[in-house]
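Sequence lines set the chain letters: A, B, ... in the order given, protein chains first and strands last, and positions in each chain run from 1. No hydrogens, no waters, no symmetry mates; every other heavy atom, side chains included, goes into these values. Given the structure is predicted, the values throughout are model-derived calculations rather than measurements.
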There are 2 protein chains.
Amino acid sequence: MENILSNVLTNVEFSAVYNMLSLGIASMLFTSIFLWFARDRVLPKYRLAVMVSATVTSIAAYHYFRMFDSFNAAYGHEGAMDAVSAFAHYNVGYRYVDWFLTVPLLLVELVAVLGLAKDIQSSLLKRLVPAAALMIVLGYPGDVKSNLFGLDNSMWGLLSTIPFLYILYVLWFEMSKSLDKQTEKVRKMFLGLRLLLIATWGVYPITFVLSMNSATVPTGMEVVYREVGYSIADILAKCLFGLIIFSIARIKSAEDDKNFAAQEGH
Amino acid sequence: MENILSNVLTNVEFSAVYNMLSLGIASMLFTSIFLWFARDRVLPKYRLAVMVSATVTSIAAYHYFRMFDSFNAAYGHEGAMDAVSAFAHYNVGYRYVDWFLTVPLLLVELVAVLGLAKDIQSSLLKRLVPAAALMIVLGYPGDVKSNLFGLDNSMWGLLSTIPFLYILYVLWFEMSKSLDKQTEKVRKMFLGLRLLLIATWGVYPITFVLSMNSATVPTGMEVVYREVGYSIADILAKCLFGLIIFSIARIKSAEDDKNFAAQEGH
(Lines give C-alpha, C1' and ligand atoms only; values in the text may rest on other atoms or scores of the structure.)
Protein backbone atom coordinates (compact mmCIF):
# COMPACT_ATOMS: atom_id res chain seq x y z
CA MET A 1 0.00 0.00 0.00
CA GLU A 2 1.18 3.52 -0.75
CA ASN A 3 2.03 6.04 1.97
CA ILE A 4 -1.39 7.54 2.44
CA LEU A 5 -1.24 8.40 6.12
CA SER A 6 1.86 10.59 5.97
CA ASN A 7 3.96 12.36 3.35
CA VAL A 8 7.21 11.45 5.07
CA LEU A 9 6.72 8.14 6.89
CA THR A 10 5.42 4.80 5.60
CA ASN A 11 1.99 3.73 6.87
CA VAL A 12 3.57 1.23 9.27
CA GLU A 13 6.06 3.79 10.63
CA PHE A 14 3.36 6.42 11.04
CA SER A 15 0.90 4.03 12.74
CA ALA A 16 3.57 2.70 15.09
CA VAL A 17 4.37 6.14 16.51
CA TYR A 18 0.73 7.30 16.39
CA ASN A 19 -0.55 4.31 18.36
CA MET A 20 2.36 4.39 20.76
CA LEU A 21 1.67 8.04 21.61
CA SER A 22 -2.02 7.21 22.08
CA LEU A 23 -1.03 4.32 24.35
CA GLY A 24 1.06 6.89 26.25
CA ILE A 25 -2.00 9.14 26.70
CA ALA A 26 -4.21 6.27 27.87
CA SER A 27 -1.60 4.84 30.26
CA MET A 28 -0.74 8.19 31.84
CA LEU A 29 -4.29 9.52 32.05
CA PHE A 30 -5.91 6.48 33.63
CA THR A 31 -3.03 5.65 35.96
CA SER A 32 -3.47 9.25 37.16
CA ILE A 33 -7.20 8.95 37.74
CA PHE A 34 -6.74 5.60 39.47
CA LEU A 35 -3.99 6.95 41.76
CA TRP A 36 -5.88 10.15 42.63
CA PHE A 37 -8.81 8.05 43.81
CA ALA A 38 -6.60 5.35 45.32
CA ARG A 39 -4.76 7.72 47.71
CA ASP A 40 -7.45 6.95 50.34
CA ARG A 41 -6.50 3.28 50.28
CA VAL A 42 -3.23 3.93 52.19
CA LEU A 43 -2.59 5.45 55.63
CA PRO A 44 -2.44 9.29 55.75
CA LYS A 45 1.37 9.30 56.15
CA TYR A 46 1.82 7.60 52.76
CA ARG A 47 -0.78 9.60 50.86
CA LEU A 48 1.60 12.31 49.71
CA ALA A 49 3.80 9.71 48.00
CA VAL A 50 0.76 8.38 46.11
CA MET A 51 -0.37 11.91 45.24
CA VAL A 52 3.07 12.78 43.87
CA SER A 53 2.88 9.62 41.73
CA ALA A 54 -0.51 10.78 40.45
CA THR A 55 0.92 14.23 39.74
CA VAL A 56 3.76 12.74 37.69
CA THR A 57 1.45 10.70 35.47
CA SER A 58 -0.95 13.66 35.17
CA ILE A 59 1.85 15.95 33.94
CA ALA A 60 2.89 13.25 31.49
CA ALA A 61 -0.72 12.80 30.28
CA TYR A 62 -0.83 16.49 29.36
CA HIS A 63 2.43 16.24 27.45
CA TYR A 64 1.38 13.07 25.62
CA PHE A 65 -1.77 14.82 24.41
CA ARG A 66 0.44 17.65 23.11
CA MET A 67 2.96 15.28 21.51
CA PHE A 68 0.20 13.28 19.83
CA ASP A 69 -1.21 16.46 18.26
CA SER A 70 2.23 17.78 17.40
CA PHE A 71 3.19 14.50 15.72
CA ASN A 72 -0.04 14.50 13.67
CA ALA A 73 0.43 18.10 12.61
CA ALA A 74 4.04 17.44 11.60
CA TYR A 75 3.95 13.93 10.12
CA GLY A 76 0.26 13.39 9.25
CA HIS A 77 -0.98 13.50 5.67
CA GLU A 78 -2.09 17.10 6.07
CA GLY A 79 1.28 17.99 7.58
CA ALA A 80 4.76 18.64 6.24
CA MET A 81 5.71 17.54 2.72
CA ASP A 82 9.34 16.57 3.51
CA ALA A 83 11.39 15.11 6.36
CA VAL A 84 13.25 18.36 7.19
CA SER A 85 10.08 20.34 7.63
CA ALA A 86 8.30 17.52 9.52
CA PHE A 87 11.20 17.18 11.97
CA ALA A 88 11.21 20.95 12.53
CA HIS A 89 7.47 20.98 13.20
CA TYR A 90 7.48 18.10 15.66
CA ASN A 91 8.16 19.74 19.03
CA VAL A 92 10.83 17.81 20.95
CA GLY A 93 10.51 20.36 23.76
CA TYR A 94 7.40 18.66 25.16
CA ARG A 95 9.43 15.62 26.21
CA TYR A 96 12.09 17.71 27.92
CA VAL A 97 9.63 20.00 29.70
CA ASP A 98 7.83 16.84 30.84
CA TRP A 99 11.03 15.22 32.13
CA PHE A 100 12.21 18.47 33.73
CA LEU A 101 9.07 18.37 35.90
CA THR A 102 8.53 14.62 36.34
CA VAL A 103 12.01 13.15 36.82
CA PRO A 104 12.72 15.13 40.03
CA LEU A 105 9.21 14.20 41.24
CA LEU A 106 9.87 10.49 40.62
CA LEU A 107 12.75 10.72 43.08
CA VAL A 108 10.45 12.51 45.53
CA GLU A 109 7.99 9.56 45.29
CA LEU A 110 10.77 7.06 45.83
CA VAL A 111 12.05 8.78 48.96
CA ALA A 112 8.62 9.77 50.34
CA VAL A 113 7.14 6.27 50.29
CA LEU A 114 9.79 4.91 52.67
CA GLY A 115 8.51 7.13 55.48
CA LEU A 116 12.05 8.03 56.64
CA ALA A 117 12.87 10.52 59.40
CA LYS A 118 12.21 14.05 58.16
CA ASP A 119 15.86 15.22 58.29
CA ILE A 120 17.14 12.21 56.31
CA GLN A 121 14.34 12.63 53.77
CA SER A 122 15.03 16.32 53.35
CA SER A 123 18.79 15.79 53.02
CA LEU A 124 18.26 13.15 50.30
CA LEU A 125 15.81 15.30 48.36
CA LYS A 126 18.00 18.39 48.54
CA ARG A 127 20.61 16.50 46.54
CA LEU A 128 18.49 14.27 44.28
CA VAL A 129 16.00 16.86 43.02
CA PRO A 130 18.49 19.48 41.72
CA ALA A 131 20.68 16.74 40.20
CA ALA A 132 17.68 15.29 38.32
CA ALA A 133 16.65 18.71 37.00
CA LEU A 134 20.22 19.45 35.93
CA MET A 135 20.47 16.10 34.13
CA ILE A 136 17.45 16.96 31.97
CA VAL A 137 18.49 20.55 31.30
CA LEU A 138 21.92 19.42 30.09
CA GLY A 139 20.46 16.66 27.88
CA TYR A 140 18.15 18.93 25.91
CA PRO A 141 20.69 20.97 23.86
CA GLY A 142 22.24 17.69 22.71
CA ASP A 143 18.98 16.06 21.73
CA VAL A 144 17.84 18.96 19.55
CA LYS A 145 21.35 19.11 18.01
CA SER A 146 21.60 22.80 18.82
CA ASN A 147 25.43 23.11 19.10
CA LEU A 148 24.73 25.56 21.93
CA PHE A 149 27.94 27.33 23.14
CA GLY A 150 29.77 25.50 20.34
CA LEU A 151 29.38 22.11 22.08
CA ASP A 152 28.10 19.25 19.90
CA ASN A 153 25.44 16.77 20.97
CA SER A 154 27.83 14.16 22.36
CA MET A 155 29.36 16.79 24.67
CA TRP A 156 25.93 17.74 26.03
CA GLY A 157 25.09 14.04 26.43
CA LEU A 158 28.33 13.60 28.39
CA LEU A 159 27.67 16.61 30.63
CA SER A 160 24.20 15.29 31.40
CA THR A 161 25.77 11.99 32.53
CA ILE A 162 27.53 13.67 35.48
CA PRO A 163 24.37 14.41 37.51
CA PHE A 164 23.06 10.99 36.41
CA LEU A 165 26.06 9.26 37.99
CA TYR A 166 25.65 11.39 41.12
CA ILE A 167 22.00 10.24 41.40
CA LEU A 168 23.14 6.61 41.05
CA TYR A 169 25.68 7.19 43.82
CA VAL A 170 23.05 8.64 46.18
CA LEU A 171 20.49 5.91 45.42
CA TRP A 172 22.97 3.04 45.74
CA PHE A 173 25.28 4.14 48.54
CA GLU A 174 23.61 6.82 50.62
CA MET A 175 20.14 5.32 50.56
CA SER A 176 21.23 1.78 51.36
CA LYS A 177 21.71 2.82 55.02
CA SER A 178 18.08 3.90 55.21
CA LEU A 179 16.94 0.49 54.03
CA ASP A 180 18.06 -1.36 57.17
CA LYS A 181 15.00 -0.13 59.04
CA GLN A 182 12.57 -1.44 56.39
CA THR A 183 10.99 -4.90 56.52
CA GLU A 184 12.18 -7.61 54.14
CA LYS A 185 9.10 -7.21 51.92
CA VAL A 186 9.48 -3.44 51.54
CA ARG A 187 13.24 -3.69 51.02
CA LYS A 188 12.73 -6.16 48.18
CA MET A 189 10.18 -3.92 46.50
CA PHE A 190 12.41 -0.89 46.91
CA LEU A 191 15.35 -2.71 45.31
CA GLY A 192 13.10 -3.70 42.41
CA LEU A 193 11.88 -0.14 42.09
CA ARG A 194 15.38 1.32 42.06
CA LEU A 195 16.35 -1.19 39.38
CA LEU A 196 13.27 -0.29 37.31
CA LEU A 197 14.22 3.37 37.55
CA ILE A 198 17.74 2.75 36.30
CA ALA A 199 16.70 0.23 33.65
CA THR A 200 14.12 2.60 32.18
CA TRP A 201 16.42 5.63 32.48
CA GLY A 202 18.93 3.58 30.53
CA VAL A 203 16.58 3.68 27.54
CA TYR A 204 17.02 7.44 27.26
CA PRO A 205 20.80 7.54 26.74
CA ILE A 206 20.59 4.48 24.45
CA THR A 207 17.92 6.16 22.31
CA PHE A 208 19.96 9.38 22.51
CA VAL A 209 23.12 7.64 21.26
CA LEU A 210 21.26 5.68 18.55
CA SER A 211 19.73 8.84 17.14
CA MET A 212 23.07 10.69 17.37
CA ASN A 213 24.31 9.09 14.15
CA SER A 214 21.78 10.93 12.05
CA ALA A 215 23.40 14.24 11.23
CA THR A 216 20.45 16.61 11.41
CA VAL A 217 17.26 14.97 10.17
CA PRO A 218 16.29 11.48 11.37
CA THR A 219 15.10 8.80 8.93
CA GLY A 220 11.63 7.31 9.33
CA MET A 221 12.90 4.31 11.28
CA GLU A 222 14.94 6.59 13.54
CA VAL A 223 11.77 8.56 14.33
CA VAL A 224 10.04 5.26 15.17
CA TYR A 225 12.84 3.92 17.42
CA ARG A 226 13.10 7.21 19.23
CA GLU A 227 9.40 7.79 19.87
CA VAL A 228 8.58 4.16 20.64
CA GLY A 229 11.66 3.80 22.86
CA TYR A 230 10.99 6.97 24.84
CA SER A 231 7.27 6.14 25.18
CA ILE A 232 7.82 2.61 26.52
CA ALA A 233 10.46 3.92 28.93
CA ASP A 234 8.07 6.67 30.08
CA ILE A 235 5.18 4.25 30.64
CA LEU A 236 7.36 1.92 32.72
CA ALA A 237 9.13 4.70 34.61
CA LYS A 238 5.95 6.60 35.44
CA CYS A 239 2.88 4.30 35.40
CA LEU A 240 4.43 1.02 36.49
CA PHE A 241 6.69 2.94 38.90
CA GLY A 242 3.73 4.83 40.38
CA LEU A 243 1.70 1.65 40.81
CA ILE A 244 4.60 -0.06 42.60
CA ILE A 245 4.90 3.02 44.86
CA PHE A 246 1.19 2.54 45.62
CA SER A 247 1.78 -1.15 46.43
CA ILE A 248 4.65 -0.29 48.77
CA ALA A 249 2.44 2.30 50.46
CA ARG A 250 -0.27 -0.35 50.89
CA ILE A 251 2.16 -2.86 52.38
CA LYS A 252 3.68 -0.29 54.73
CA SER A 253 0.19 0.85 55.77
CA ALA A 254 -0.75 -2.74 56.63
CA GLU A 255 2.53 -3.18 58.54
CA ASP A 256 2.02 0.02 60.54
CA ASP A 257 -1.63 -0.50 61.48
CA LYS A 258 -3.35 -3.81 62.20
CA ASN A 259 -6.82 -2.26 61.89
CA PHE A 260 -5.98 -0.95 58.45
CA ALA A 261 -4.68 -4.38 57.44
CA ALA A 262 -7.87 -6.12 58.60
CA GLN A 263 -10.15 -3.55 56.99
CA GLU A 264 -8.36 -3.66 53.65
CA GLY A 265 -8.15 -7.45 53.60
CA HIS A 266 -4.35 -7.59 53.83
CA MET B 1 -31.37 7.34 -1.22
CA GLU B 2 -27.90 7.95 -2.53
CA ASN B 3 -24.84 7.62 -0.33
CA ILE B 4 -24.72 11.12 1.06
CA LEU B 5 -23.16 10.39 4.44
CA SER B 6 -20.08 8.60 3.19
CA ASN B 7 -18.18 8.13 -0.06
CA VAL B 8 -17.58 4.45 0.63
CA LEU B 9 -20.43 3.11 2.79
CA THR B 10 -24.20 3.22 2.20
CA ASN B 11 -26.15 5.51 4.52
CA VAL B 12 -27.41 2.52 6.51
CA GLU B 13 -23.94 1.02 6.89
CA PHE B 14 -22.42 4.33 7.89
CA SER B 15 -25.16 5.12 10.43
CA ALA B 16 -25.00 1.65 11.95
CA VAL B 17 -21.31 1.96 12.81
CA TYR B 18 -21.55 5.66 13.70
CA ASN B 19 -24.36 5.11 16.20
CA MET B 20 -22.82 1.96 17.60
CA LEU B 21 -19.56 3.77 18.35
CA SER B 22 -21.52 6.57 19.99
CA LEU B 23 -23.37 3.97 22.09
CA GLY B 24 -19.92 2.68 23.05
CA ILE B 25 -18.86 6.16 24.23
CA ALA B 26 -22.04 6.67 26.27
CA SER B 27 -21.90 3.19 27.87
CA MET B 28 -18.23 3.37 28.80
CA LEU B 29 -18.23 6.97 30.00
CA PHE B 30 -21.24 6.79 32.29
CA THR B 31 -20.49 3.33 33.66
CA SER B 32 -17.12 4.82 34.61
CA ILE B 33 -18.58 7.84 36.37
CA PHE B 34 -21.10 5.63 38.18
CA LEU B 35 -18.43 3.17 39.33
CA TRP B 36 -15.98 5.86 40.46
CA PHE B 37 -18.67 7.33 42.72
CA ALA B 38 -20.08 3.93 43.69
CA ARG B 39 -16.79 2.64 45.11
CA ASP B 40 -17.79 4.03 48.54
CA ARG B 41 -20.82 1.77 48.61
CA VAL B 42 -18.74 -1.34 49.29
CA LEU B 43 -16.40 -2.16 52.18
CA PRO B 44 -12.80 -0.84 51.85
CA LYS B 45 -11.39 -4.30 51.02
CA TYR B 46 -13.53 -4.51 47.84
CA ARG B 47 -12.98 -0.92 46.67
CA LEU B 48 -9.90 -1.65 44.58
CA ALA B 49 -11.89 -4.19 42.53
CA VAL B 50 -14.57 -1.54 41.83
CA MET B 51 -11.89 1.05 41.04
CA VAL B 52 -10.20 -1.28 38.57
CA SER B 53 -13.62 -1.82 36.91
CA ALA B 54 -14.01 1.96 36.66
CA THR B 55 -10.50 2.25 35.22
CA VAL B 56 -11.30 -0.33 32.53
CA THR B 57 -14.43 1.50 31.33
CA SER B 58 -12.58 4.84 31.53
CA ILE B 59 -9.79 3.56 29.29
CA ALA B 60 -12.40 2.23 26.87
CA ALA B 61 -14.29 5.55 26.92
CA TYR B 62 -11.12 7.33 25.77
CA HIS B 63 -10.65 4.83 22.94
CA TYR B 64 -14.29 4.98 21.83
CA PHE B 65 -14.00 8.77 21.51
CA ARG B 66 -10.88 8.26 19.38
CA MET B 67 -12.48 5.51 17.25
CA PHE B 68 -15.57 7.61 16.67
CA ASP B 69 -13.45 10.49 15.38
CA SER B 70 -11.21 8.18 13.38
CA PHE B 71 -14.23 6.48 11.75
CA ASN B 72 -15.70 9.86 10.80
CA ALA B 73 -12.42 11.10 9.38
CA ALA B 74 -11.97 7.91 7.34
CA TYR B 75 -15.52 7.00 6.24
CA GLY B 76 -17.45 10.30 6.61
CA HIS B 77 -18.42 12.36 3.55
CA GLU B 78 -15.42 14.64 4.06
CA GLY B 79 -13.15 11.60 4.39
CA ALA B 80 -11.58 9.15 1.97
CA MET B 81 -12.94 8.80 -1.58
CA ASP B 82 -12.40 5.03 -1.89
CA ALA B 83 -12.51 1.89 0.26
CA VAL B 84 -8.72 1.33 0.23
CA SER B 85 -7.94 4.80 1.52
CA ALA B 86 -10.82 4.76 4.04
CA PHE B 87 -9.63 1.43 5.47
CA ALA B 88 -6.08 2.78 5.78
CA HIS B 89 -7.27 5.92 7.57
CA TYR B 90 -9.47 4.12 10.07
CA ASN B 91 -7.06 3.32 12.89
CA VAL B 92 -7.50 -0.32 14.00
CA GLY B 93 -4.73 0.26 16.54
CA TYR B 94 -7.12 1.96 18.99
CA ARG B 95 -8.99 -1.31 19.62
CA TYR B 96 -5.81 -3.26 20.21
CA VAL B 97 -4.23 -0.65 22.46
CA ASP B 98 -7.52 -0.60 24.38
CA TRP B 99 -7.61 -4.39 24.74
CA PHE B 100 -3.91 -4.54 25.60
CA LEU B 101 -4.66 -2.37 28.65
CA THR B 102 -8.18 -3.49 29.56
CA VAL B 103 -8.21 -7.28 29.08
CA PRO B 104 -5.50 -7.91 31.70
CA LEU B 105 -7.34 -5.48 34.03
CA LEU B 106 -10.62 -7.39 33.59
CA LEU B 107 -8.87 -10.45 35.00
CA VAL B 108 -7.53 -8.32 37.86
CA GLU B 109 -11.13 -7.25 38.69
CA LEU B 110 -12.34 -10.84 38.57
CA VAL B 111 -9.67 -12.08 40.97
CA ALA B 112 -9.68 -9.00 43.24
CA VAL B 113 -13.40 -9.08 43.99
CA LEU B 114 -13.19 -12.54 45.56
CA GLY B 115 -11.01 -11.22 48.40
CA LEU B 116 -8.73 -14.28 48.31
CA ALA B 117 -5.59 -14.67 50.42
CA LYS B 118 -2.83 -12.37 49.12
CA ASP B 119 -0.49 -15.15 47.98
CA ILE B 120 -3.20 -17.02 46.03
CA GLN B 121 -4.34 -13.75 44.43
CA SER B 122 -0.82 -12.78 43.46
CA SER B 123 -0.05 -16.24 42.04
CA LEU B 124 -3.22 -16.15 39.89
CA LEU B 125 -2.53 -12.65 38.60
CA LYS B 126 1.09 -13.38 37.81
CA ARG B 127 -0.14 -15.96 35.30
CA LEU B 128 -3.37 -14.40 34.03
CA VAL B 129 -2.14 -10.86 33.35
CA PRO B 130 0.85 -11.69 31.12
CA ALA B 131 -1.19 -14.34 29.26
CA ALA B 132 -3.93 -11.79 28.54
CA ALA B 133 -1.44 -9.18 27.30
CA LEU B 134 0.27 -11.79 25.11
CA MET B 135 -3.07 -12.89 23.63
CA ILE B 136 -3.79 -9.32 22.46
CA VAL B 137 -0.27 -8.65 21.18
CA LEU B 138 -0.33 -11.84 19.06
CA GLY B 139 -3.79 -11.05 17.67
CA TYR B 140 -2.88 -7.62 16.34
CA PRO B 141 -0.54 -8.55 13.43
CA GLY B 142 -3.23 -10.94 12.16
CA ASP B 143 -6.04 -8.42 12.36
CA VAL B 144 -4.17 -5.74 10.41
CA LYS B 145 -3.12 -8.40 7.87
CA SER B 146 0.50 -7.37 8.21
CA ASN B 147 2.16 -10.71 7.29
CA LEU B 148 4.70 -9.86 9.97
CA PHE B 149 7.66 -12.32 9.99
CA GLY B 150 6.05 -13.96 6.92
CA LEU B 151 3.17 -15.40 8.97
CA ASP B 152 -0.32 -14.85 7.56
CA ASN B 153 -3.31 -13.71 9.61
CA SER B 154 -4.63 -17.20 10.40
CA MET B 155 -1.23 -18.11 11.89
CA TRP B 156 -1.29 -15.05 14.16
CA GLY B 157 -4.88 -15.85 15.12
CA LEU B 158 -3.80 -19.37 16.00
CA LEU B 159 -0.81 -18.20 18.06
CA SER B 160 -3.06 -15.83 19.97
CA THR B 161 -5.31 -18.80 20.86
CA ILE B 162 -2.56 -20.45 22.94
CA PRO B 163 -2.57 -17.87 25.77
CA PHE B 164 -6.39 -17.77 25.45
CA LEU B 165 -6.60 -21.51 26.20
CA TYR B 166 -4.18 -21.09 29.08
CA ILE B 167 -6.44 -18.38 30.58
CA LEU B 168 -9.43 -20.73 30.24
CA TYR B 169 -7.45 -23.44 32.02
CA VAL B 170 -6.55 -21.15 34.92
CA LEU B 171 -10.09 -19.76 35.25
CA TRP B 172 -11.79 -23.17 35.05
CA PHE B 173 -9.40 -25.50 36.85
CA GLU B 174 -7.10 -23.49 39.08
CA MET B 175 -9.68 -21.00 40.26
CA SER B 176 -12.36 -23.57 41.04
CA LYS B 177 -10.46 -24.49 44.22
CA SER B 178 -10.72 -20.90 45.44
CA LEU B 179 -14.48 -20.94 45.00
CA ASP B 180 -15.10 -23.46 47.80
CA LYS B 181 -14.65 -20.73 50.40
CA GLN B 182 -17.26 -18.47 48.80
CA THR B 183 -20.95 -18.49 49.73
CA GLU B 184 -23.49 -20.02 47.37
CA LYS B 185 -24.68 -16.59 46.21
CA VAL B 186 -21.19 -15.32 45.36
CA ARG B 187 -20.21 -18.61 43.71
CA LYS B 188 -23.23 -18.42 41.42
CA MET B 189 -22.42 -14.85 40.41
CA PHE B 190 -18.79 -15.71 39.80
CA LEU B 191 -19.77 -18.62 37.55
CA GLY B 192 -22.06 -16.29 35.60
CA LEU B 193 -19.31 -13.70 35.34
CA ARG B 194 -16.77 -16.21 34.07
CA LEU B 195 -19.27 -17.38 31.48
CA LEU B 196 -19.94 -13.78 30.39
CA LEU B 197 -16.22 -13.22 29.99
CA ILE B 198 -15.79 -16.25 27.77
CA ALA B 199 -19.00 -15.66 25.81
CA THR B 200 -18.05 -12.07 24.99
CA TRP B 201 -14.42 -12.97 24.29
CA GLY B 202 -15.81 -15.51 21.82
CA VAL B 203 -17.16 -12.63 19.71
CA TYR B 204 -13.63 -11.45 18.98
CA PRO B 205 -12.30 -14.62 17.30
CA ILE B 206 -15.61 -15.05 15.44
CA THR B 207 -15.41 -11.50 14.09
CA PHE B 208 -11.72 -12.09 13.39
CA VAL B 209 -12.45 -15.24 11.37
CA LEU B 210 -15.42 -13.68 9.54
CA SER B 211 -13.31 -10.73 8.42
CA MET B 212 -10.39 -12.99 7.48
CA ASN B 213 -11.97 -13.91 4.15
CA SER B 214 -11.62 -10.41 2.81
CA ALA B 215 -8.15 -10.28 1.26
CA THR B 216 -7.00 -6.77 2.17
CA VAL B 217 -9.85 -4.29 2.09
CA PRO B 218 -13.17 -5.15 3.78
CA THR B 219 -16.52 -4.55 2.08
CA GLY B 220 -19.04 -2.19 3.65
CA MET B 221 -20.97 -5.00 5.33
CA GLU B 222 -17.72 -6.45 6.68
CA VAL B 223 -16.90 -3.08 8.25
CA VAL B 224 -20.37 -3.07 9.86
CA TYR B 225 -20.17 -6.64 11.21
CA ARG B 226 -16.74 -6.02 12.60
CA GLU B 227 -17.40 -2.69 14.31
CA VAL B 228 -20.86 -3.61 15.58
CA GLY B 229 -19.68 -7.03 16.77
CA TYR B 230 -16.62 -5.69 18.59
CA SER B 231 -18.61 -2.83 20.14
CA ILE B 232 -21.39 -5.06 21.53
CA ALA B 233 -18.79 -7.47 22.89
CA ASP B 234 -16.89 -4.57 24.48
CA ILE B 235 -20.00 -3.13 26.14
CA LEU B 236 -20.94 -6.50 27.64
CA ALA B 237 -17.39 -7.44 28.63
CA LYS B 238 -16.61 -4.09 30.26
CA CYS B 239 -19.80 -2.29 31.39
CA LEU B 240 -22.01 -5.25 32.25
CA PHE B 241 -18.98 -7.11 33.63
CA GLY B 242 -17.98 -4.13 35.79
CA LEU B 243 -21.50 -3.72 37.15
CA ILE B 244 -21.66 -7.41 38.09
CA ILE B 245 -18.28 -7.02 39.84
CA PHE B 246 -19.85 -4.14 41.77
CA SER B 247 -22.84 -6.34 42.72
CA ILE B 248 -20.57 -9.11 43.95
CA ALA B 249 -18.62 -6.56 45.99
CA ARG B 250 -21.92 -5.34 47.53
CA ILE B 251 -23.04 -8.86 48.41
CA LYS B 252 -19.67 -9.76 49.92
CA SER B 253 -19.64 -6.49 51.89
CA ALA B 254 -23.06 -7.30 53.33
CA GLU B 255 -21.93 -10.85 54.16
CA ASP B 256 -18.77 -9.63 55.90
CA ASP B 257 -20.30 -6.86 58.00
CA LYS B 258 -23.78 -6.80 59.57
CA ASN B 259 -23.60 -3.04 60.20
CA PHE B 260 -22.85 -2.41 56.55
CA ALA B 261 -25.74 -4.68 55.53
CA ALA B 262 -28.21 -2.82 57.78
CA GLN B 263 -26.96 0.60 56.69
CA GLU B 264 -27.11 -0.22 53.01
CA GLY B 265 -30.52 -1.90 53.26
CA HIS B 266 -29.27 -5.36 52.30
Side-chain angles (χ1 to χ4, degrees), chain A residues 1-6 10-12 14-43 57 61 64-65 68 72 76-78 185 231-232 235 239-240 243 246-247 250-251 253-254 257 259-266, chain B residues 32 35-37 39-40 43-52 54-63 66-67 70 73-74 80 82 84-98 100-102 105 112 114-118 121-122 140 144-146 148 216-217 252 256-257:
Chain A
M1 214 187 288
E2 268 183 291
N3 297 357
I4 49 183
L5 299 177
S6 164
T10 68
N11 287 348
V12 171
F14 180 80
S15 295
V17 176
Y18 186 93
N19 285 312
M20 189 47 87
L21 292 175
S22 180
L23 173 64
I25 293 175
S27 309
M28 299 300 174
L29 184 60
F30 299 106
T31 305
S32 305
I33 295 176
F34 177 83
L35 288 174
W36 283 117
F37 281 110
R39 74 191 190 286
D40 291 349
R41 305 264 62 73
V42 301
L43 286 182
T57 49
Y64 269 84
F65 272 110
F68 182 84
N72 264 333
H77 72 289
E78 289 181 351
K185 217 168 170 182
S231 301
I232 293 176
I235 292 169
C239 300
L240 181 60
L243 293 170
F246 175 64
S247 302
R250 294 269 293 171
I251 292 170
S253 297
D257 183 338
N259 281 336
F260 175 91
Q263 209 178 41
E264 296 279 334
H266 256 264
Chain B
S32 305
L35 288 174
W36 282 119
F37 283 109
R39 74 189 193 286
D40 290 350
L43 287 182
K45 64 192 285 198
Y46 302 113
R47 281 185 198 159
L48 280 181
V50 176
M51 287 162 68
V52 174
T55 303
V56 164
T57 49
S58 300
I59 293 172
Y62 164 76
H63 286 110
R66 288 284 193 206
M67 281 189 274
S70 177
D82 60 274
V84 175
S85 177
F87 182 62
H89 276 94
Y90 182 55
N91 181 26
V92 175
Y94 288 132
R95 286 210 182 272
Y96 278 84
V97 170
D98 178 72
F100 177 70
L101 296 171
T102 56
L105 289 176
L114 293 178
L116 304 172
K118 284 291 149 196
Q121 182 169 319
S122 131
Y140 181 61
V144 294
K145 304 175 197 303
S146 65
L148 190 69
T216 43
V217 176
K252 284 185 71 77
D256 289 0
D257 184 338

Less than 4.5 Å apart, side chain to side chain, heavy atoms only: is that true for [X] and [Y]?
{"X": "A/Ile33", "Y": "B/Trp36", "answer": "yes"}
{"X": "B/Leu48", "Y": "A/Phe34", "answer": "yes"}
{"X": "A/Asn19", "Y": "B/Tyr140", "answer": "yes"}

Which heavy atom of [X] sits nearest a heavy atom of [Y], and at what distance?
{"X": "A/Leu5", "Y": "B/Ala88", "value": "CD2-O, 3.4 Å"}
{"X": "A/Phe30", "Y": "B/Ser58", "value": "CZ-O, 3.2 Å"}
{"X": "A/Ile4", "Y": "B/Ser85", "value": "CD1-CA, 3.9 Å"}

Calculate, to the nearest 0.5 Å, the distance between atoms OG and CG belonging to A/Ser15 and B/Asn91 respectively. 6.0 Å
Would you compute the distance between atom CG of A/Asp40 and atom CG of B/Asp40 and round it to the nearest 0.5 angstrom? 8.0 Å
Would you list the pairs meeting salt bridge (Lys or Arg N to Asp or Glu O under 4.0 Å) in which at least one residue belongs to residues 84-98 of chain B, sequence neighbours left out? B/Arg95-B/Glu227, B/Arg95-B/Asp234, B/Asp98-B/Lys238
Proximity breakdown for [X] and chain B, heavy-atom pairs closer than 4.5 Å:
{"X": "A/Phe260", "value": "neither"}
{"X": "A/Phe14", "value": "neither"}
{"X": "A/Ser22", "value": "both"}

Whatever's closer than 4.5 Å to a heavy atom in chain A on B/Tyr94 counts as both
With a 4.5 angstrom heavy-atom cut-off, which part of B/Ile59 approaches chain A: side chain, backbone, both or neither? both
Hey, is NZ on A/Lys185 packed in by over 12 heavy atoms from elsewhere, all under 6.0 Å? no
Kindly check if the number of other-residue, nucleotide or ligand heavy atoms within 6.0 Å of OH (B/Tyr46) is above 12? yes
So, using side-chain hydrogen bond (donor to acceptor under 3.5 Å, both in side chains) as the criterion, who are the partners of A/Glu264 when residues are at least two apart? A/Arg41, A/Arg250
Among A/Val12, A/Ile25, A/Thr31, which has the most heavy-atom pairs under 4.5 Å with chain B? A/Ile25
